[in-house]
Amino acid sequence: QVQLVESGGGSVQAGGSLRLSCAASLRNIFTSYCMAWFRQAPGKEREGVARLSTGGRLPTYIDSVQGRFVISRGNGESTLFLQMNSLKPDDSAIYYCVAAPAYGAGLCPRLSEEEWKHWGQGTQVTVSS
């Protein structure tokens, strides 16, 4: 079982920035796992925000965060980041770090929650107007 621990959430005013971190218990996780960030706002369904392929390659984003958020891996073996800039009140949510083994040929699951096997406990992000 892969353990994922998020940190870096908090409260910020609109237009501000936050950087989320995720520490994975599996060494060299990016060798064979895809990783992503999901979020869930009160009263809304959980949605995938950004995904990183094996090797920390091929970042993908949903339209609402494209150009504002950056997903990346740390220089260490098993750390994932989400740099969030120009934050909006609509970005307020619990953010989850997730991981799943890559499919054949290094393909990653879609940003659908049922396709991701390992979940962190989440970290709260609150953006005030």
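In what follows, every heavy atom counts, from backbone to side chain, and hydrogens, waters and symmetry copies are set aside.
Here the straight-line distance linking atom CD of Gln121 with atom OG of Ser7 works out to 13.5 Å at 0.5 Å rounding. Asp91 contributes atom CG, which lies 11.0 Å from atom OG1 of Thr126 (distance to the nearest 0.5 angstrom). Taking CD1 from Ile62 and CD from Glu47, the interatomic distance works out to 4.0 Å, rounded to the nearest 0.5 Å. Taking CZ of Phe81 as the start and CG of Leu20 as the end, the distance is 10.5 Å to the nearest 0.5 Å. Distance check: Asn85 CG to Phe69 CZ gives 8.5 Å after rounding to the nearest 0.5 Å. A distance of 8.5 Å separates OG in Ser72 from CG in Leu82, rounded to the nearest 0.5 Å.
Here the side chains of Arg46 and Trp119 are in contact, with some heavy-atom distance below 4.5 Å. Within the 4.5 Å cutoff, no side-chain heavy atoms of Lys117 are placed close to those of Tyr33. The side-chain heavy atoms of Phe38 and Ile94, taken from C-beta on, include no pair separated by under 4.5 Å. Side-chain contact between Val125 and Arg39: absent, with no pair of heavy atoms (C-beta onward) separated by less than 4.5 Å. Counting only heavy atoms from C-beta outward, the side chains of Glu113 and Val98 never approach each other to under 4.5 Å.
For the pair Thr123 (side chain) and Tyr95 (backbone), a donor-acceptor distance under 3.5 Å is absent. For Glu6 (side chain) and Gly122 (main-chain N/O), a donor-acceptor pair under 3.5 Å exists by modelled atom type. Looking only at distances, a side-chain donor or acceptor of Ser78 sits under 3.5 Å from a matching main-chain atom of Leu26. Between the side chain of Tyr96 and the backbone N or O of Gln40 there is no donor-acceptor pair closer than 3.5 Å. Trp116 contributes a side-chain N or O that, together with a main-chain N or O of Arg110, makes up a donor-acceptor pair within less than 3.5 Å. Within the 3.5 Å criterion, the main-chain N or O of Met35 finds no donor-acceptor partner in the side chain of Arg73.
Residues Ile29 and Leu58 are members of separate hydrophobic clusters, defined by side-chain heavy-atom contacts under 4.5 angstrom among Ile, Leu, Val, Met, Phe, Trp and Tyr.
A pairwise comparison of heavy atoms in Arg57 and Thr54 identifies NE-O, 3.0 Å as the closest pair. Across Ser129 and Pro89, no two heavy atoms sit closer than the pair CB-CG, 3.9 Å.
A 6.0 Å sphere centred on CD of Glu45 holds no more than 12 heavy atoms belonging to other residues, nucleotides or ligands. Surrounding CD of Gln83 are more than 12 heavy atoms belonging to other residues, nucleotides or ligands, all under 6.0 Å away. Counting heavy-atom neighbours within 6.0 Å of Gln124 CD, excluding the residue itself, gives a total above 12.
Note on residues 94-129: pairs passing disulfide (SG to SG under 2.5 Å), not counting sequence neighbours, are Cys22-Cys97, Cys34-Cys108.
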